[in-house]
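What follows is a short report on a single structure.
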Amino acid sequence: MTVRRYPVAIVLVFVAAALIVVNGFAFWGDTFALWIDDAMQLSAGLAAVVCGVVVARRVREHQRWWRALVALGMTGWSLGQCVWSWYQLIDGRGLPSPSLADLGYLSFPVFALAALFVLAQARSRPERERWQPAQWFGVAVVLDGLVVTGSLFILTWTAALGQVVRATGPDALTWAVAIAYPLSDLVVVVVAVLLVVFDRVDRPYRANLLLAAVGIVALACSDSVFAYLVSIGAESMKPWSDAGFVLGPLFIAFALLVTPNTRRREDAGQPVGVDWWQVALPYLPVTAVALLITVQVVAGAGPDAVEVYVGVLVVFLVLARQLLSLLDNRLLLRRVYEGQQQLTHQAYHDPLTGLANRALFADRLDRAVEQGGGEDGHRPLVLIFVDLDDFKDVNDRFGHAGGDVLLHAVAQRLLSCVRAGDTVARLGGDEFAILLEGELDAPQAVADRIQSALRRPFAVHGTLVPVRASMGLVVPDPAEPLVTSDVLLGRADTSMYAGKRLGKDTTVVYHPSPDRVPDFPSALRHADGGLPEGFALVFQPIVRLADETPVAVEALARWTTRDGTAVSPETFVRAAEGAGLGAELDALVLDLACREITAAGLDLTVHVNVCASRLGADALEESVAASLARYGLPADRLVVEITETVPVPDLAAGAAAIRRLQDLGVRVALDDFGAGYSSLTVLHALPVDLIKLDRALTTGVRPDRDAALCRSLVGLCADLEVDVVAEGIETAEQAELVIRAGCPTAQGYRFGHPAPLAALRLSTLSAG
């Protein structure tokens, strides 16, 4: 039955109800009314049987089995109705009790209960939840239903049912049949209600459940009315009392006809929350029974045998339900523990390869370095940095999916080359690192084994792909002071890139020697607060555009190795940041800049760069105050430039830190505005005194657009009372562009290249 047929079903229900009402008045005589009443009951029952059989043949699994069970139950019920009609209408002697009609009628609750259990299994659950004890064949619902049923039965037995049964049951068989009707109705109704209330059936099947529940309740209501009329000795029963015997099978037929759409919904399989009252519901009638029996015992009219037997059964059912709850809780705790273990594994392992990630590798390397301190307790270790050569070609050829397949296969090869206690990690992209600890063979032998393993072709999407790798190998000297995990990784990385420069597919072993050029983090550490070897500052002038007179200088760091190689600032600053020495580098530049500008005796403002990540750190503010006091530099002659190589982590905290610097008398600038992470939001949030326009805004290929953009930004800053410096000015045309935009000051090669302060002073004097 589809949604479009629901109106037809509703009309049919109303027509049946109208016939029941009209037939109840027996306008054409009681006998004819009984014939019509029995015919309507039998027709409704047979209709349910036909609907169940027809639909069950067209569906599968749960949908078929619960319909087949209901059809069997309605078949027995219809046969019982046939026997009832024979005795009532044809034989004329009245229905004996017990009879074959009772057998037919009582078969329906048995099959209906089984059908409800099958329907409860139609709920879509996660695979692991299906093995919970409380979910086995709807055991939780069954036990809850039986507990409620037993408790309500005791209450109704004590209130009225016991007297009715005793009056109508002269022998054991008759008594059993008399009690079977209310008890079976009670069980089926309670289970159906629990399934509806506890949402134990998937939403596509809820229409079936609701219609079936209405039909079951209708049958139970008519059974109750019939039992009541019998108990009061009614001489005749109008067809109105049989309304449930007609409408009940009719609703059950509709339930069998409904074939819901079982396509997976977004909420399918989601756990359904259970409120406290749903948990307490099965135990409320148990509490009422306990109070009733207590009152009976106190009054001296103790419970009869039926109450005792059923009460003992309820107690055992409650114990069984609690046992299942304990098992569920135990499984829940196990799943929570497994979930925590899984989360921990995900936090420290690479999701693609399953190897350790950067965080776990860094932790193990730190511990290995700590355990390796001292000759007596030294635990040898080897660090190998692996980078796949030309991995981009694989991604270009097979796509990222093919690249992922290759990375996973490489990871497995690397694992096969090391011992179980060694650590293999994927640091990112196509970079891997290997940490070997304990008693080791020759490190070069390990590297050769890895190279040989990687040189065997890999299968990617059915194609054999050759792989080559460049590796850097480091064996730390236990006698070397100040060695850290960052230093070791830097050395391994440097050795690996040296191998790439040699032609790739090579292994370069790091060999420390006195003549070797140190990496910048090592030079900074060895300086121990002093000036690292080869480190110096140069200064670039910032001029007033009206007359190109220098008004300030920017301090820029430079580093030259022992062999005279000038290392780019981006390289050694990034190395210092990666080694966790960014704050030390900023403090060094700040101190050196204040010292040199004071010693030169120039009445110029000095700009010093500071990484945005350290904005708000106590060390920065302490360094600024200490440098100003140490060299007697007026605070208004220092500008701290916030360089956004990384975003400001907390704008509110950054704004508070800027105000604290301004309270010292220092001005704060936002460097490279218009590039990186700089935005109008940052400008709005941070109360800076000055911004430096990124060279991309002043040296573009479309002067008209550049001029319009510069003019807008300069006007905005003027309204905000923020000074502006244009960076990267190299030509007269660019200078003219920013002058037309209204920018008062600028910086760039047109006005001077970065140079030592002494050279800058000479050029300034000569210009003057």
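Computed over heavy atoms, backbone and side chain alike; hydrogens, waters and symmetry mates excluded.
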Side chain to side chain contact (heavy atoms under 4.5 Å, CB included) assessment of Leu365 paired with Leu489: CA-CA 9 Å; Leu365 182 57; Leu489 276 174; 3.9 Å; yes

If you apply the rule side chain to side chain contact (heavy atoms under 4.5 Å, CB included), what do you find for Phe391 with Leu407, and how did you get there? CA-CA 9 Å; Phe391 180 73; Leu407 289 174; 3.6 Å; yes

Does the side chain to side chain contact (heavy atoms under 4.5 Å, CB included) test come out yes or no for Val666 and Leu628, once each step is laid out? CA-CA 10 Å; Val666 175; Leu628 292 175; 3.7 Å; yes

Residues Glu554, Asn609; criterion side chain to side chain contact (heavy atoms under 4.5 Å, CB included); working and verdict: CA-CA 8 Å; Glu554 180 180 0; Asn609 292 311; 3.0 Å; yes

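Summarising the geometry of Ala557 relative to Leu537, their closest heavy-atom pair is CA-CD2, 3.9 Å, with the distance given to 0.1 Å. The nearest pair of heavy atoms linking Gly403 to Val394 is CA-CG1, 4.3 Å. Contact record, Leu473 with Ala447: CD1-CB, 3.8 Å, taken as the closest heavy-atom pair. The two residues Gln662 and Pro687 have their closest heavy-atom pair at NE2-O, 2.8 Å. Scanning all heavy atoms of the two residues, the minimum distance from Cys717 to Ile691 falls at SG-CD1, 3.2 Å. Residues Leu757 and Ala600 share a closest heavy-atom pair of CD2-CB, 3.5 Å.
Two residues are said to be in side-chain contact when any heavy atoms from C-beta on lie closer than 4.5 Å; Phe458 and Val405 fail this criterion. Side-chain contact check for Phe673 versus Asp694: every heavy-atom pair is 4.5 Å or farther apart. Looking at Leu683 and Leu720, their side chains come closer than 4.5 Å, going by heavy atoms from C-beta outward. The shortest side-chain heavy-atom distance between Arg468 and Asp390 does not fall under the 4.5 Å cut-off. The closest side-chain heavy-atom distance from Arg750 to Glu548 is below 4.5 Å. Looking at Pro476 and Leu488, their side chains come closer than 4.5 Å, going by heavy atoms from C-beta outward. With a 4.5 Å cut-off on side-chain heavy atoms, Leu638 and Leu664 do not count as touching. Residues Leu592 and Arg595 meet the side-chain proximity criterion, which asks for heavy atoms closer than 4.5 Å.
For Tyr348, the OH atom sits in a loose shell: 12 or fewer heavy atoms of surrounding residues, nucleotides or ligands are nearer than 6.0 Å. Applying the 6.0 Å contact sphere to CG of Asp528 captures no more than 12 heavy atoms from other residues, nucleotides or ligands. Dense packing is recorded around CD of Gln341, with more than 12 heavy atoms of other residues, nucleotides or ligands lying under 6.0 Å away.
Electrostatic pairing of Arg397 and Asp393 does not count as a salt bridge here, judged by no charged N lying under 4.0 Å from a carboxylate O. Look at Asp591 and Arg630 and you find a salt bridge, because one of the NZ, NE, NH1 or NH2 atoms lies within 4.0 Å of a carboxylate O, short of that distance.
Within the model, atoms CG of Leu524 and CZ of Phe572 stand 10.0 Å from one another, a figure rounded to the nearest 0.5 Å. Here the CD atom belonging to Glu641 is positioned 7.5 Å from the CG atom belonging to Leu690, to the nearest 0.5 angstrom. Leu383 contributes atom CG, which lies 9.5 Å from atom OG of Ser495 (distance to the nearest 0.5 angstrom). Rounded to the nearest 0.5 Å, atoms OG1 (Thr507) and CD1 (Ile450) are 8.0 Å apart. Cys743 contributes atom SG, which lies 6.0 Å from atom CG of Leu693 (distance to the nearest 0.5 angstrom). Expressed to the nearest 0.5 Å, how far CG of Leu414 lies from CD1 of Ile434 amounts to 5.0 Å.
Judged purely by distance below 3.5 Å, without hydrogens or angles, the side chains of Asp387 and Ser470 never pair a donor atom with an acceptor atom.
Without hydrogens or angle criteria, Thr423 side chain to Leu436 main chain gives no donor-acceptor distance under 3.5 Å. In terms of modelled atom types and a separation under 3.5 Å, the side chain of Arg544 and the main chain of Pro744 share no donor-acceptor contact.
Contacts of Asp723 classified as salt bridge (Lys or Arg N to Asp or Glu O under 4.0 Å), with partners at least two apart in sequence or in another chain: Arg667. Partners of Tyr749 under the ring pair (Phe, Tyr, Trp, His ring centres under 6.0 Å) rule, at least two apart in sequence or in another chain, are His753.
For the pairing with Arg614, the salt bridge (charged side-chain N to carboxylate O under 4.0 Å, His left out) check across Glu584, Glu621, Glu577 returns one residue only, Glu577.
In this structure, Phe520 and Trp559 have perpendicular ring planes: the angle between them is above 60°, well past the 30° mark.
Annotation: salt bridge (Lys or Arg N to Asp or Glu O under 4.0 Å) contacts involving residues 339-365, sequence neighbours excluded, comprise Asp350-Arg426, Asp363-Arg367.
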